[in-house]
Amino acid sequence: MAPDTESDRSGGLNFLEQIVERDLKSGTVSQVVTRFPPEPNGYPHIGHAKAICINFGISHDFEGRCHLRFDDTNPETEDMEYVHAMERDVRWLGFEWGEYQFHASDYFEQLYEHARTLIRAGKAYVDSQTDTEIRENRGTVTEAGRNSPFRERSVEENLDLFRRMREGEFPDGAHVLRGKIDMASPNMLLRDPVFYRIKHAEHYRTGNDWPIYPLYDFAHPLSDAIEGITHSLCSLEFEVHRPLYDWLVDALYNEPRPHQYEFARLNLDYTIMSKRKLLRLVQGDHVSGWDDPRMPTLSGMRRRGIPPEAIRRFCDLIGVAKADNRVDISLLEYAIRDELNHRAPRVMAVLDPLKVTITDWPEDKIEWNDASHWPHDVPKEGTRPVPFGRHLYIDRDDFALEPPPKFHRLAPGREVRLRYGYVIRCDEVITDESGNVVELRCSHDPETRSGGSSTRRVKGTIHWVEASHAHEVEVRLYDRLFKTPDPEDVPEGSDFLDNLNPESLVVTRGFLEHAVSDFTPGDRFQFERQGYFVVDDGSTAENPVFNRTVTLRDTWAKLSADTPVKASKPKPSRDRSSQVQAGPPRPTLSPEQEKVAEELTAEFGVDPNDSAVLASDEWLLGLFRDAAADVEASTAANWVLHEVQRVRNASRKEVVLQAPALVSIIELVDSGAISSRTGKELLGEVALSGADPSALVEERGLRQIDDSDQLAAIVQQVVSENAGKAEAYRGGKTGLMGFFMGQVMRHTGGKANPEMVRSLLEDALG
RNA sequence: UGCCCUAUAGCUCAAUUGGCAGAGCGCCUGACUCUGGAUCAGGAGGUUCCAGGUUCGAAUCCUGGUAGGGCAACCA
């Protein structure tokens, strides 16, 4: 990706980039290696584009590399056609993987060996239950599963069976290889997941070499490990797979090994992403193919005329987060227009022609005017000659027999400017028997020739083409494929196909100005006032075809009454009233714990809610009791409940904190020897290392600074370094106090006495 | 009803890891007057899901709750 797109990001790094940067800085990895792992069973779409941009983008930004790996472990759905589509579309998006193209099927032999290693370690076994038995014994989300009767087979028997599975001795479904993990795990995926199944099927790459195929949960983590992937970035639905990912890789590899991180997949308004549903659109002839310009596939978007740069920009704009989201389609359209604005030369075309005769212009006279291909804001040169003559076409929309208010285009007796031509007046309207307008007869003002010195101004300017020089062209006006923002959200019994927009394609024949004479597929133009158009792949010189990529931003449409109001977006209701609740914030306790809680309150005077939390956790309770023997009970409770809990939640490591160390920190803080901030930092460290706090304080010089002269000097320095902000503070922006506090704290490494700093700052800032 | 994840402007996301709540899109207003839709400038818009707590200071930490999403394929 072009490095300068980084500057488009409003903030700093997204959470994935932060993780990568952290690992690079800490030296955990020396070079970032990501991967984009599609299954070749469908055409890549805009949702893939997000994953592609993230994986290739991060590897590019951090000077690593990104592998293109086909996760082809299911022979029944995969095909070379899809591999080629993927390769072509990733390149089209602008990314290059060089020599790092792989297939999971390349690793079948290694994966097989890995499986044998697991068997030998007693971590996998051959299960001979039927698939229904396996399913039934897995249990439910609330009930534990049951161990397979084959779970305790000997290593030798497992090895033998597995070898014979590989030799093709058994029919499909006779056996599977499963990991031996935990049938009672609350995470269903850890209930002895299936690693290999027997499938006598021809694989598009390995042919009939293998009668057994690994499953995603086995093949994916190990493929990552084999390739030395450092950061395995995938979408949120794989979050629950991560423990299994870690279990497998830990069982077979040492650090540094790959780690999986998940981000939210893309949902786009008026679009579906499901590969199965896209396939139904194609097979049901609802669209012309995978590359139908209405499809969200990259091939469809390419044919629609959307430049890859716009898609990358869009992916940049939507960001990377962990919350499910649905992106407004107008953001994509914005990215497209923003890109096409400086790339598509302007020309004029009339899509719904209405004849105009300039009655005071000689029949044979053609006058040529220079017209710029670019508007003022695009710093490009280039003009083309535009002919003006007696016979013209304008768009039917630009004329109204009875103009509504604010209609500044042509109407009987009214004037309008023909862009790069003259101001004309509509003198006469010719209608047919049924009252349809078939021709306008107009006169022109010769003083108003384009580029001339006339200062006459009329309200409207419209596009037009001269009839005798115009090219007749076919124009396909594409609109969103679905009528509803979330087409997949359908009531029971109906189908996403019911939401198809019947007007998603309107084909017209129109006239294009003379200067465009070369119709090379992929060439893009802006038809002035109408939108961006691209020459279709199937276009020929005899029958030129244009696809509308996107309309121009349309504020007029909103003014016109008959435009349907955009469906309001369904949003999970955030009814605050339902969230108001009166109950105290306390955990539910067993009767014994309730008793303990009551005693705590009675004995130590601890807040009842706090007592409840202490009573619910034995370790916390013990720590509190021991600490409360030496320091004031309420203080001890606060430290245990807030700070110790924080450290415990944040750390995956065992907390080794003992009461004496905690007491020591509390006393240091209470006596004023260290700031409370330092105390908290110290606790975080001591809780994991078991070191002596007071020794650390002396060793590192962490004693609180409460020398007012010293602090005053620092305060003065900070204030003078930030004179502008000090001014703003005095001007009433008191929120800046936090900024100044933070600055002083930074200068002192968090050692300053905050109350003292605050009062000094208040003095200094007046 | 178990486990996991998420919640900041209408939408998508930031917030230097506890220190000024911001950006883009959308919306409104204005400018330009040969693109009425482009472009440019300005503006409005906040209970940071709720309640309580810790802290000099909380979007950020603690406790509880609410809402949304994911997970029970020999798919990926």
Side-chain angles (χ1 to χ4, degrees), chain A residues 8-12 14 37 39 41 71 73-74 77 131 134-135 138-143 145 172-173 176 185-189 191 194 196-199 215-216 220 236-237 239-240 262 264 317-328 330-331 334 337 341 346 375-377 406 408-409 417 419-420 450 457 459-463 526 528-530 551-557 569 571-576 578-587 607 609-610 612-613 638 641-643 645-646 649 676-677 680 725 728 733 735-743 745 754-755 757-758:
Chain A
D8 293 335
R9 298 206 55 80
S10 51
N14 67 46
E39 185 190 14
N41 68 347
D71 244 336
T73 56
N74 185 1
T77 58
D131 58 345
I134 290 177
R135 203 163 31 246
R138 197 177 335 258
T140 67
V141 288
T142 50
E143 277 169 54
D172 286 9
V176 293
S185 170
N187 183 340
M188 302 293 297
L189 289 162
R191 320 248 259 229
V194 175
Y196 270 92
R197 80 284 216 185
I198 300 172
K199 199 176 276 253
L215 278 105
Y216 168 85
H220 187 82
L236 231 37
E237 72 232 67
E239 206 154 22
V240 283
E262 309 86 11
L317 290 169
I318 58 178
V320 181
K322 296 195 75 163
D324 289 305
N325 56 67
R326 175 162 291 277
V327 177
D328 198 323
S330 65
L331 199 59
Y334 164 80
R337 292 187 192 111
N341 180 40
R346 314 294 126 126
H376 336 279
D377 61 291
K406 290 196 171 179
H408 297 310
R409 294 169 263 175
R417 169 169 283 286
R419 186 154 160 87
Y420 304 120
S450 180
R457 281 174 189 172
K459 284 211 170 158
T461 300
I462 64 172
H463 61 273
Q526 185 195 107
E528 292 215 23
R529 303 207 307 133
Q530 305 196 82
T551 60
L552 295 183
R553 198 168 136 254
D554 195 348
T555 47
W556 173 255
K569 193 173 290 197
K571 230 262 146 164
S573 67
R574 201 178 282 163
D575 182 4
R576 292 175 195 268
S578 74
Q579 295 163 6
V580 175
Q581 45 91 36
R586 71 202 302 274
D607 178 278
N609 296 333
D610 291 351
V613 178
N638 277 342
L641 290 171
H642 297 286
E643 304 311 324
Q645 282 284 72
R646 173 176 58 82
N649 289 346
S676 61
R677 178 194 176 110
K680 289 175 192 176
K725 292 208 161 92
K733 198 165 178 193
L736 284 167
M737 176 54 78
F739 166 79
F740 286 108
M741 285 293 295
Q743 287 301 307
M745 285 302 175
E755 282 106 333
V757 173
R758 181 171 288 267

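Throughout, protein chains are lettered first and strands after them, A, B, ... in sequence-line order, and every chain is numbered starting at 1.
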Next on the checklist: Measuring only the C1' atom in each nucleotide, how far is U1(B) from G19(B)? A whole number of Å is fine.
Outcome noted: 43 Å
Checklist entry - Expressed in whole Å, how much space separates the P atoms belonging to G10(B) and G46(B)? => result 7 Å
Next on the checklist: Any base atoms under 4.0 Å from Pro587(A), or only sugar-phosphate, or nothing? Heavy atoms, all strands.
Outcome noted: sugar-phosphate
Checklist entry - Does a side-chain heavy-atom distance below 4.5 Å link Arg457(A) with Arg417(A)? => result no
Item to check | Side-chain donor/acceptor of Asn187(A) to backbone N/O of Val240(A), under 3.5 Å | outcome: yes
Checklist entry - Which atom names give the shortest non-hydrogen contact between Ala264(A) and Ala323(A), and what distance separates them? => result CB-O, 3.3 Å
Item to check | Note, Arg197(A) side chain near Asn74(A) side chain (heavy atom, < 4.5 Å) | outcome: yes
Next on the checklist: So if I take every side-chain heavy atom of Met745(A) and compare against C20(B), C34(B), C56(B), which nucleotide ends up nearest?
Outcome noted: C56(B)
Next on the checklist: Roughly how many Å apart are A67(B) and U8(B), using the C1' atom of each and rounding to a whole number?
Outcome noted: 16 Å
Item to check | Gln645(A) side-chain proximity, nearest of C5(B), U55(B), C62(B) | outcome: C62(B)
Checklist entry - Out of curiosity, Arg346(A) CZ to Arg419(A) CZ, how far, rounded to the nearest 0.5 Å? => result 9.0 Å
Item to check | Spacing of Asp607(A) atom CG relative to G52(B) atom P, expressed in whole Å | outcome: 13 Å
Checklist entry - How long is the span from the NE2 atom in His463(A) to the CD atom in Glu528(A), to the nearest 0.5 Å? => result 9.0 Å
Item to check | Stems involving RNA chain B, each a run of at least 3 consecutive Watson-Crick or G-U pairs under 3.5 Å | outcome: B:2-7 with B:66-71, B:10-13 with B:22-25, B:27-31 with B:39-43, B:49-53 with B:61-65
Checklist entry - Whole-Å distance between U33(B) C1' and Tyr420(A) OH? => result 13 Å
Item to check | Separation of the C1' atoms in G18(B) and U60(B), to the nearest angstrom | outcome: 7 Å
Next on the checklist: Ignoring hydrogens, what is the shortest heavy-atom contact between Thr77(A) and Asn41(A)? Give both atom names and the distance.
Outcome noted: O-CB, 3.4 Å
Item to check | Below 4.0 Å: OP1/OP2 of G37(B) and any side-chain N or O of Gln530(A) | outcome: no
Next on the checklist: If I pick the C1' atom on G52(B) and the same atom on U66(B), what distance separates them, to the nearest angstrom?
Outcome noted: 15 Å
Next on the checklist: Rounded to whole Å, how long is the line connecting atom CZ of Phe739(A) with atom P of U16(B)?
Outcome noted: 14 Å
Item to check | Nearest-angstrom distance from the residue atom CG of Asn609(A) to P of U54(B) | outcome: 11 Å
Next on the checklist: If I pick the P atom on U47(B) and the same atom on A21(B), what distance separates them, to the nearest angstrom?
Outcome noted: 15 Å
Checklist entry - Hey, does the side chain of Asn325(A) come within less than 4.0 Å of C13(B)'s phosphate (OP1/OP2), counting only N and O? => result yes
Checklist entry - Of the non-hydrogen atoms in Tyr216(A) and Asp71(A), which two are nearest, and what is the gap between them? => result CE1-OD2, 4.1 Å
Next on the checklist: Distance check needed: C3(B) P versus Glu143(A) CD, whole Å only.
Outcome noted: 15 Å
Next on the checklist: I'd like the C1' distance from A41(B) over to C56(B), given in whole Å.
Outcome noted: 42 Å
Item to check | d(OH, Tyr334(A); C1', C27(B)) in whole Å | outcome: 15 Å
Item to check | Residue Met741(A), side-chain atoms from C-beta onward, closest of C34(B), U6(B), G19(B) | outcome: G19(B)
Checklist entry - What is the minimum heavy-atom distance between Leu236(A) and Lys322(A), and which atoms define it? => result CD2-O, 3.2 Å
Next on the checklist: Please report the distance, rounded to the nearest Å, between CG in Leu317(A) and P in A14(B).
Outcome noted: 13 Å
Checklist entry - With nearest nucleotides of RNA chain B determined for Arg646(A) and Leu331(A) from heavy-atom distances, which residue corresponds to the more 5′ nucleotide? => result Leu331(A)
Item to check | Candidate nucleotides U55(B), G26(B), C62(B), ranked by approach to the side chain of Asn638(A) - the nearest | outcome: U55(B)
Next on the checklist: With rounding to the nearest 0.5 angstrom, report the CG to CG distance, Leu331(A) to Leu317(A).
Outcome noted: 5.0 Å
Checklist entry - Between C11(B), G24(B), C56(B), which one does the side chain of Asp328(A) approach most closely? => result C11(B)
Item to check | Which atom of Leu552(A) lies closest to which atom of Gln526(A), heavy atoms considered | outcome: CD2-NE2, 3.7 Å
Item to check | Chi-based syn or anti call at U17(B), which uses purine or pyrimidine torsion atoms and a 90° bound | outcome: syn
Checklist outcome for this item: Side-chain atoms of Leu552(A) come closest, of G37(B), C25(B), G57(B), to G37(B)
Item to check | Residue His642(A), side-chain heavy atoms: nucleotide from C56(B), C11(B), C62(B) that is nearest | outcome: C62(B)
Checklist outcome for this item: Met737(A) and Arg758(A) have their tightest heavy-atom pair at CG-NH1, 3.6 Å
Next on the checklist: Please encode protein proximity along nucleotides 69-76 of chain B as a string of B, S and -, counting only heavy-atom distances under 4.0 Å.
Outcome noted: SB-BSBSB
Next on the checklist: Heavy atoms only, 4.0 Å cut-off, all strands: where does Arg346(A) land among base, sugar-phosphate and nothing?
Outcome noted: base
Checklist entry - With a non-hydrogen cut-off below 4.0 angstrom, is Gln526(A) in contact with a base, only sugar-phosphate, or nothing? => result base
Checklist entry - Lys459(A) near the nucleic acid: base, sugar-phosphate alone, or nothing, with a heavy-atom cut-off under 4.0 Å? => result nothing
Next on the checklist: Side chain of Asn14(A) only, heavy atoms from C-beta on: which candidate in G18(B), A14(B), C62(B) is closest?
Outcome noted: A14(B)
Checklist entry - Rounded to the nearest Å, what distance is computed from the CG atom of residue Asn649(A) to the C1' atom of nucleotide C5(B)? => result 16 Å
Next on the checklist: Quick check on RNA chain B: between Asp610(A) and Lys680(A), whose nearest nucleotide comes earlier from the 5' end?
Outcome noted: Lys680(A)
